[in-house]
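Reminder, nothing fancy here: chain letters follow the sequence lines and each chain counts from 1.
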Amino acid sequence: MYEKHLAWGVLFRIFHWAFALSIVFLVVTGLYIHSPWTNSVIEGSRSFPMAEMRHVHFIAAYCFMGAVFLRIYLWFFGNRQEKFWDSAPVTGRNIRNLFSTVTYYLYIKDEHEPRLGHNCLAGTVYIVTIVIAFFQILSGLYLLFPESTFWQGVGLSIFGTQQEARFYHFLTMWYFLIFVLVHLYILIWNDIRDPEGLISSIFCGKKFFEKGALDNK
Amino acid sequence: MSRNICEKELGPGLTRRGFLKGCALAAAALGLSDELIPRLVEAAASSKRPSVVWLHFQECTGCTEGLLRASHPDIGRLILDIISLDYHETVQAAAGNQAEEILKETITREKGKFICVVEGAIPTRDGGIYCKIGGRTALEIVKDVAPKAAAVVAIGTCASFGGVQAAHPNPTGAKGVGEILGKPVVNIPGCPPNPIAFLGTVLHLLTFKRLPELDRLGRPLFAYGRKNHDQCERRAHFDEGRFVEQFGDENHKKGYCLYKVGCKGPVTYANCPAVRFNDVGVWPVGAGHGCIGCTEPDFWDTCSPFYERLPGIRVPGGGGVITDADSVGKKILGITAVAAGIHAAAGIGKRLTKGSK
Ligand code: HEM
Ligand code: SF4
């Protein structure tokens, strides 16, 4: 017998998809800005590939910023699973879960602790990701407002010159690519091993557990 | 001009026409309305010319050359006309002890009033012994002269940020003046900088009795407030996706954007496209070569390779291997994909041998 539990609220799911889709757009347009492959040789043909890619990059960037702020808000004001403390490696329960998840993922142990929220390994990586996203936003804003002495002050103290900020901005893109790859792989892996409905939970918010499995958790 | 300087070297004297032209150019660079030009002219023509002490350290004298050997020497002459250049090793007649005396005399007489211009970086390693003039290290000289000045202007990227001698591995421990003095100075970076930026700063000081507004790196905003990329004549080609793929190709001949062959205009604050050099209306991108970012700190390290968009990654240990950023990213991504593949295979293998749980 399985029972349904609400894991993720609506705001959380909006955050997730705003974050995921904006990353797709940011990476695609960012790669174009980095190395533009079109060569529109006909002049005056009303084609603005670079201008348009940058435009989409900046719109996606604002969605990305919105998503990151939403996530930080939910760290403090979200439901129990969404809160920072529920998945950060700061409590005994979570640290034990971190080790048991690692052994589970390495095929050393077969059983794993059912949790309505993130397991602690995932939770830790997500927190790191939001922190990295935050710095990506700072370098992006520094690049976006080159004539503002405020952003120049912020950018110089964290990244250095515009060129260095571009460099870090570009390197950080690879973090997001790697994150997406690993994230999708582990999700599918978990979904195959454990019929919790992990993947559909980010659409409908609900996960499935054997009756009573979450009691006294 | 002080008697000490060889006037003849500089060619015919400055005409009134040249004088006004120089003032108008500086006013334009400063972004002043033409109503203010008379004030500028008045300040420039006043008899109270500020005394300037111009120090040379680790440098190539290119900044001085850029200033004096302009094709029409109006700007250079104008600068020499509105300041009293009391000490300048390249153009002064005096040498040896006599020159040293003049320096000592000037900084005592004009204490708190003179402008100290520094050209070149200052080595700090091993007590600064890598640059000595008259038996004193550059470090000692600048610490003696600069604190007595009313204002310190670092001309060129070396004096501003250390320049080429501060490039990795910086064997002499070269630093910019601002870092040595630990107080803000006006930085006029560039390799060489445009004389207009220096002229504008001096005229601003004379006319308004204060320094122009600076950015966070001490550069006057009137000259370094905007990126080359945002003023470039090839910008339309950038937006419309037309790029030079290789020097000398068809696109290069057509004057397309130099982004893909490493132009650093998008990260470089300067007014080169607006002011241009040597009165002949040219700047590197105008001549078909990408901007190399010469007004930026550490540009030798961060903007090179000059013909690539982003610098390589210095892998620590391993003998400082330089790998380009793209290939590092791709490799890590590849390793991650392989790791996921191995993980999946291990799972399938385990299931085949043990049966599913
Ligand atoms: C996951 C997030 C993001 C990724 C993967 C990403 C990726 C990239 C890449 C690869 C570039 C080209 C770098 C180069 O080679 O020069 C770029 C440029 C840029 N990005 Fe992002 N970016 C992200 C987020 C942001 C954010 C949040 C902003 C904030 C406003 C932003 C603003 C910019 C700007 C202004 C540029 C420079 C465009 C230009 O000057 O032509 N990016 N981005
Ligand atoms: S040539 Fe350089 S500065 Fe000019 S538009 Fe292209 S990238 Fe920008």
Quiz item: Going from CG on B:L310 to NE2 on A:H169, what distance comes out if it is rounded to the nearest 0.5 angstrom?
Solution: 11.0 Å
Quiz item: Any chance NZ of A:K4 has more than 12 other-residue heavy atoms, nucleotides or ligands included, within less than 6.0 Å?
Solution: no
Quiz item: What pairs of residues pass the ring pair (Phe, Tyr, Trp, His ring centres under 6.0 Å) test when at least one of them lies in residues 39-59 of chain A, not counting sequence neighbours?
Solution: none
Practice problem: Can you establish whether the number of heavy atoms outside B:R276 located under 6.0 Å from its atom CZ is more than 12? | Solution: yes
Quiz item: Does a side-chain heavy-atom distance below 4.5 Å link B:K330 with A:L177?
Solution: no
Quiz item: Going from CH2 on A:W37 to NZ on B:K260, what distance comes out if it is rounded to the nearest 0.5 angstrom?
Solution: 10.0 Å
Exercise. Please state whether the side chain, the backbone, both or neither of B:A346 comes within less than 4.5 Å of a heavy atom of chain A.
Key: both
Exercise. Please lay out, stage by stage, how A:L156 and B:L217 fare under the test side chain to side chain contact (heavy atoms under 4.5 Å, CB included).
Key: CA-CA 9 Å; A:L156 280 170; B:L217 289 168; 3.6 Å; yes
Practice problem: Could you check which of A:Y32, A:F167, A:Y175, A:Y105 has the highest count of heavy-atom pairs closer than 4.5 Å to chain B? | Solution: A:F167
Quiz item: Is there side-chain contact between B:T336 and A:V182, with heavy atoms separated by less than 4.5 Å?
Solution: yes
Self-check item: chain A contacts, top residue of B:P297, B:G293, B:P311 (heavy-atom pairs, under 4.5 Å)
Solution: B:P311
Quiz item: What residue in A:S47, A:P49, A:S40 has the most heavy-atom pairs under 4.5 Å with chain B?
Solution: A:S40
Quiz item: Counting only heavy atoms not in B:E213, do more than 12 sit closer than 6.0 Å to its CD atom?
Solution: no
Self-check item: Best-contacting candidate, B:K254, B:R226, B:E296, against chain A by heavy atom pairs under 4.5 angstrom
Solution: B:R226
Quiz item: Looking at A:Q163, A:Q162, A:M53, which has the largest count of heavy-atom pairs under 4.5 Å with chain B?
Solution: A:Q163
Self-check item: Nearest-0.5 Å distance that lies between atom OG1 in A:T161 and atom CZ in B:F161
Solution: 10.0 Å
Quiz prompt | Contacting moiety of B:N251, where chain A heavy atoms sit under 4.5 Å | solution = side chain
Exercise. Can you see which heavy atom on A:T149 is nearest to which on B:D215, and at what distance?
Key: CG2-CA, 4.3 Å
Quiz item: Contact part of A:L181 toward chain B, heavy-atom cut-off under 4.5 Å: side chain, backbone, both or neither?
Solution: side chain
Exercise. Between chain B and each of A:S35, A:G160, A:A51, count heavy-atom pairs under 4.5 Å; write down the option with the most.
Key: A:A51
Self-check item: Option in A:H34, A:M173, A:E164 with maximal non-hydrogen atom pairs under 4.5 Å from chain B
Solution: A:H34
Quiz item: Tell me, do B:R216 and A:S157 make a side-chain contact under 4.5 Å, heavy atoms counted?
Solution: no
Quiz prompt | Per-residue contact mode, A:I33 against chain B (heavy atom under 4.5 angstrom) | solution = both
Quiz item: Applying a criterion of heavy atom separation less than 4.5 Å, what residues of residues 241-250 of chain B form contacts with chain A?
Solution: B:G241, B:R242, B:F243, B:E245
Quiz item: Is the CZ atom of A:F25 crowded by more than 12 outside heavy atoms at less than 6.0 Å?
Solution: no
Quiz item: What's the spacing between A:W174 CH2 and B:K331 NZ if we round to 0.5 Å?
Solution: 11.5 Å
Practice problem: Please flag which part of B:Y269 lies under 4.5 Å from any non-hydrogen atom of chain A: side chain, backbone, both or neither. | Solution: side chain
Quiz item: Side chain, backbone, both or neither: which part of A:L143 has a heavy atom under 4.5 Å from chain B?
Solution: backbone
Quiz prompt | Ring centers of B:H343, A:Y107 separated by less than 6.0 Å | solution = yes
Quiz item: Hey, are the side chains of A:E147 and B:K227 touching, using non-hydrogen atoms and a 4.5 Å cut-off?
Solution: no
Quiz item: Where the side chain of A:Y185 meets the backbone of B:G341, is there a donor-acceptor pair that is under 3.5 Å apart?
Solution: no
Quiz item: For B:A236, is it the side chain, the backbone, both, or neither that has a heavy atom closer than 4.5 Å to a heavy atom of chain A?
Solution: neither
